[in-house]
J.: 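Pasting a structure here, questions to come.
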Amino acid sequence: MRKKLVVGNWKMNLLRNEGISLVNNILKNISVDISVNIVLAPSFLHLYKVSKMTSDLTYLSTSAQDCSLNSNGSFTGEVSAEMIFSCGAEYVILGHSERRSNFQETNRELRTKTSEAISNNLNVIFCCGESIKQRKDNTYFDWIKSQISEGLFHLSASDFANIVIAYEPIWAIGTGTNANSRQAQEVHEFIRTLVEEKYDKNIADNTSILYGGSCNSANAIELFSQNDVDGGLIGGASLDYNEFISIINSF
């Protein structure tokens, strides 16, 4: 049975004391019998501390927001998958639209990063999604198919079990405009079908697919009620513990 997940992507936000405060507020106010898995994705600055703060909680994990293409060496400023795992993280986000756009990450590079992450015992939250132009041109299915097939489909079936896919329509990120539940379900169903065609129905049925485009407490219940939407990759709303907990409680 596939996991229900809510991932809080802090992006480049929160000073050290602010991050600690946010985690403490989440831990103080969240129900201990929640039916969803929570993943916190702070910046590298916070990763070890947050992992330590949550290490004894079975329902809460941590994630890095990216990892290097390389295992080690003279790559100033880079952080390897092995380093991330050594900090206690269980996940890494790869292929976020901001990384693809701002740092020109390619599907080929993400293929290598995915392999690096999995070989170092990390689960991968792999992002895909279309621009407003691709949506209007009705080419978004082809675009998403290429992102997933070129970035993930080199993996064996056993390695693919470590993949979570996050659909993030670029036109809905940080804009306050989200895909409606019908649009989200349509793409999530398409992604699950791609996985089934590549591997099999069992693997597809056990792959968690998250929605990541301006998800908030006002729309989370409707989005999460869709058959193929297994949770959310939450950006700005994850920085407010009340809002984040409201989203978690939407299941």
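We number each residue from 1, following the sequence as shown.
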J.: Looking at every non-hydrogen atom in both residues, tell me the closest pair between Ser51 and Cys87 and how far apart they are.
T.: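 What the structure gives for the nearest pair is CB-O, 3.2 Å.
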
J.: Are Leu94 and Cys127 packed together at the side-chain level, in the sense that at least one heavy-atom pair is separated by less than 4.5 angstrom?
T.: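 No, side chains not in contact.
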
J.: For residues Tyr91 and Ser61, report the shortest heavy-atom separation together with the two atoms involved.
T.: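 Answer, listing the atom of Tyr91 first, then Ser61: CE1-CB, 3.9 Å.
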
J.: Look only at the side chain of Ser250 and the backbone of Ser246, and say whether a donor-acceptor pair between them is shorter than 3.5 Å.
T.: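 At least one qualifying donor-acceptor pair exists.
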
J.: So, does Asp159 use its side chain to make a donor-acceptor pair with the main chain of Leu155 at under 3.5 Å?
T.: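 Absent.
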
J.: If you apply the rule ring pair (Phe, Tyr, Trp, His ring centres under 6.0 Å), what do you find for Tyr211 with Phe224, and how did you get there?
T.: CA-CA 9 Å; Tyr211 174 76; Phe224 295 169; 8.6 Å; no

J.: List the atom of Ile144, the atom of Tyr167, and the distance in Å for their closest heavy-atom pair.
T.: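 Looking at all heavy atoms of both residues, the closest pair is CD1-CE1, 3.7 Å.
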
J.: Over all heavy atoms of both residues, which pair between Val229 and Gln185 is shortest? Give the atoms and the distance, please.
T.: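 That would be N-OE1, 4.2 Å.
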
J.: Tell me the closest heavy-atom pair linking Ile191 and Cys128, and the distance in Å.
T.: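 Between these two residues, the closest heavy atoms are CD1-SG, 3.9 Å.
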
J.: Are the side chain of Asn13 and the backbone of Trp10 linked by a donor-acceptor contact shorter than 3.5 Å?
T.: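 Judged by distance alone, yes, a pair lies under 3.5 Å.
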
J.: Would you say the side-chain atoms of His188 and Gln226 include a donor-acceptor pair closer than 3.5 Å?
T.: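 Note: His188 and Gln226 side chains miss the donor-acceptor criterion.
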
J.: Only one of Leu40, Leu22, Leu239 forms a side-chain contact (heavy atoms from CB on, under 4.5 Å) with Phe244, so which one is it?
T.: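 It is Leu40, the one option of Leu40, Leu22, Leu239 that forms the side-chain contact (heavy atoms from CB on, under 4.5 Å) with Phe244.
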
J.: When you compare the side chains of Thr139 and Gln134, does any donor N or O come within less than 3.5 Å of an acceptor on the partner?
T.: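 Judged by distance alone, the side chains do not pair up.
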
J.: Can you tell me how far apart CZ (Arg182) and CG (Leu223) are? Round to the nearest 0.5 Å.
T.: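 Rounded to the nearest 0.5 Å, the CZ-CG separation comes out at 12.5 Å.
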
J.: Examine the side chains of Glu186 and Tyr140 and answer whether a donor and an acceptor come within less than 3.5 Å of each other.
T.: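 Checked: Glu186/Tyr140 side chains pair up, N/O donor to acceptor below 3.5 Å.
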
J.: Between Glu168 (side chain) and Ser97 (backbone), is there a donor-acceptor pair under 3.5 Å?
T.: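 Flag set: sc Glu168 to bb Ser97 pair under 3.5 Å.
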
J.: Looking at Val39 and Ser63, what are the two nearest heavy atoms and their distance?
T.: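 Heavy atoms only, the tightest pair is CG1-CB, 3.5 Å.
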
J.: Is the closest side-chain donor-acceptor distance between Glu82 and Ser71 under 3.5 Å?
T.: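 Their side chains do not contain a donor-acceptor pair, so the 3.5 Å distance test is not met.
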
